[in-house]
There are 2 protein chains.
Amino acid sequence: MNIGEIARRAGVSRSTVSYVLSGKRQVSAEIRDRVTAVIEESGYRPSATARALAQGETRTLGLVIPPMRHHLSVDQLHFVGAVAEAAADHDYDILLSPSGQDRDRAFERMLGERRVDGVIVMETLLHDSRVSTLIERGFPFVTIGRTGSGQEHGWVDLDYAGLVSEGVGKLHALGHRDIALVNRPQELLDREYGPAFRAADAFDKAVVELELHGVARCCDDDDDAAAACVEAIFAAAPAVTAILTINERSLAGLVTALAERGSRVPEDVSVLAIASARNAMSLRPKVSAAEVPAERMGRHAVEALLRRLAEPEGELAHVLLSPPFVDRESLAPRPG
Amino acid sequence: MNIGEIARRAGVSRSTVSYVLSGKRQVSAEIRDRVTAVIEESGYRPSATARALAQGETRTLGLVIPPMRHHLSVDQLHFVGAVAEAAADHDYDILLSPSGQDRDRAFERMLGERRVDGVIVMETLLHDSRVSTLIERGFPFVTIGRTGSGQEHGWVDLDYAGLVSEGVGKLHALGHRDIALVNRPQELLDREYGPAFRAADAFDKAVVELELHGVARCCDDDDDAAAACVEAIFAAAPAVTAILTINERSLAGLVTALAERGSRVPEDVSVLAIASARNAMSLRPKVSAAEVPAERMGRHAVEALLRRLAEPEGELAHVLLSPPFVDRESLAPRPG
DNA sequence: ACCGGTTCGCGAACCGGTTCGCTAAGAGTA
DNA sequence: TACTCTTAGCGAACCGGTTCGCGAACCGGT
């Protein structure tokens, strides 16, 4: 069933059917009714492909997701879902592009073959080749997380630097002087993954400013790594009485590792995290944490990108979110 | 940059360029080289949209994901990632279609406007309107989870019935006679969500067959619900010494709830789960569990669908996976 | 020199929409 | 009645590819 068939059955031209559908020109009530009746009874819907070709826009957004072997976090999952729903609300669809081993195949295809009108890039690095490519080609996009060249494109980001200094401040206010940071995996830090990088940086600054003794450690995204990390922390700084972690995936492992080495939370060691409430709440004690607002970020990203598509010369969106820490049961004054 | 421009620069016709690209007809070495040189230097890539229109296939697969408010599980996240990667390996793309409040908008658009060549349906119900729609329209698709009309379409499923009876059998073999099942939320059971339904059914059968005292309870997908569920179970059957759960999201809550009411695992109560290793391992004690093989399921689904697209009259794929239980620290013989 | 068979490039039609310019019919005015 | 203006439908061109039929050029054989 195509537009020509509808036109034939309604006894009008194809262009008239098109105008009935789009409303871009006036059509007399009589003809309009006749055409809509035919469309109704035949269940006709115009082909997205043909329209995309004619109009030069696909009404599809690309979402570049991190490779699976990074084991997407719950946050990222929520983010993907939120993006899909936000896009659907605007009658856009989401095309997934896994980056990965040969990441570029899918990414290049998406751009080169013009499958999408714009792109959302997840897990952005400070120096990100995908971002450079997009800028070079003048392709509309928004990143999750800032790059080094932050002013040249739209982004939505979580203020890791702010959260980390706020977190350290909270611990400092409780009297802690020996504080550890559990960061994301070394690999991400090496690749200059923004959150890992900015967290490390902010931690160092806060430590200097507040005249604390700080120890920062990277930790792979799993529970076994957390156990090793706890060992490393206390080996390097036995006096540590507070741990701040931005590594959600290893949070459970961190808490059990502390329990297993005989450190009570929060009597001996305070724990503060940046992690989803769902995750933090299922632990004992319930861990105080600032939540990654994945859903809000998803909606912001979609809306920023759509705004850019509507107004290519408009202002670039820079959205920096800073969710509050919520106190639960893992924080206490420094012992002794 | 389009195919006409390439043809002009290479001094050949558009059709010749097309044949160079597709290799569907012989082209003399001389002309082939000239054309590829021009393509190379101009960075030309054919438009996916135009090709889709001409060939009548989009080389895109639709993935219908559950609504966000169901809070996708880690498994489902992995599944989405695996699907995207498997599709990318075959140079297909994945279009997301969130089902949800007005699920039908995105789903109908995807089908009606022919944005995709085939569809993968997640979280299938025993009586699923999406499946009926797809069958009616003769649209190629594969479901994750069987429906009631299991023989009329391809599917990939986890053998929940088998896993539950195997699990009950294991507990029985350890001497347990009073066994509880923690199922997925009541809402899913009411809507006849396959895993919840089949698990409940298999549990009842196993209980009768082995002459056990069984109690089955639904549990919402969070930790608080797990606490309530534990209370309900012991209120109904104080003698329970073993719990089998297929509710991954509430597993952590289940374990802490047991600890909080003074039941030691596994000395007083054995726990057996169907859950990702990652999740089960981060608990104390480490929970014995059969793992949902999300990644394998994703690849199977994509490959089954692609096979169907290549051979519309070929056999339907029916893949039933049954991962092994792995023993960790949560199982013990019945006390006393 | 003629013939039948290959090889290979070209042009045109097609996929299913959108959009622009034209014009016939009808309305309004003098 | 003649003239202008507006309204609304039609046809054709276009988006950027693919595919089919045609025929020119070249081949070897007699």
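Worth knowing before you read on, the calculation uses all heavy atoms, side chains too, and leaves out hydrogens, waters and symmetry mates. Protein chains get the first letters and strands the later ones, always in sequence-line order, with residue 1 at the start of each.
- For a distance-only test at 3.5 Å, the side chain of B/R14 qualifies as a donor-acceptor partner of the base of D/dG17.
- One finds a side-chain N or O of B/K24 lying less than 4.0 angstrom from the OP1 or OP2 phosphate oxygen of D/dT19.
- As rounded to whole Å, 13 Å separates atom P of C/dG17 from atom CZ of B/R115.
- A/R34 has its CZ atom 11 Å from the C1' atom of D/dG9, to the nearest Å.
- At whole-Å resolution of the value, CZ in B/R59 and P in D/dG17 are 16 Å apart.
- For B/V27, the listed nucleotide lying nearest its side chain is C/dG9; candidates were D/dG16, C/dG9, C/dG16.
- Under 4.0 Å is where a charged nitrogen must lie from a carboxylate oxygen, and between A/E303 and A/R296 no such pair does.
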I'd like a list of close polar pairs between nucleotides 22-24 of chain D and the protein, N/O only, cut-off under 3.5 Å.
none

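- When the P atom of D/dG17 is taken as reference, atom CZ of A/R114 falls 6 Å away, rounded to whole Å.
- Of the listed nucleotides (D/dC10, D/dG17, C/dG16), D/dG17 has the atom at the smallest distance from the side chain of B/P46.
- A salt bridge links A/D93 and B/R109; the closest N-O separation between the charged side-chain nitrogens and carboxylate oxygens is under 4.0 Å.
- Here the side chain of B/S28 is nearest to one of C/dT18, D/dG17, C/dC8, namely C/dC8.
- Rounding to whole angstrom units, CD of residue A/Q26 and C1' of C/dT19 are separated by 17 Å.
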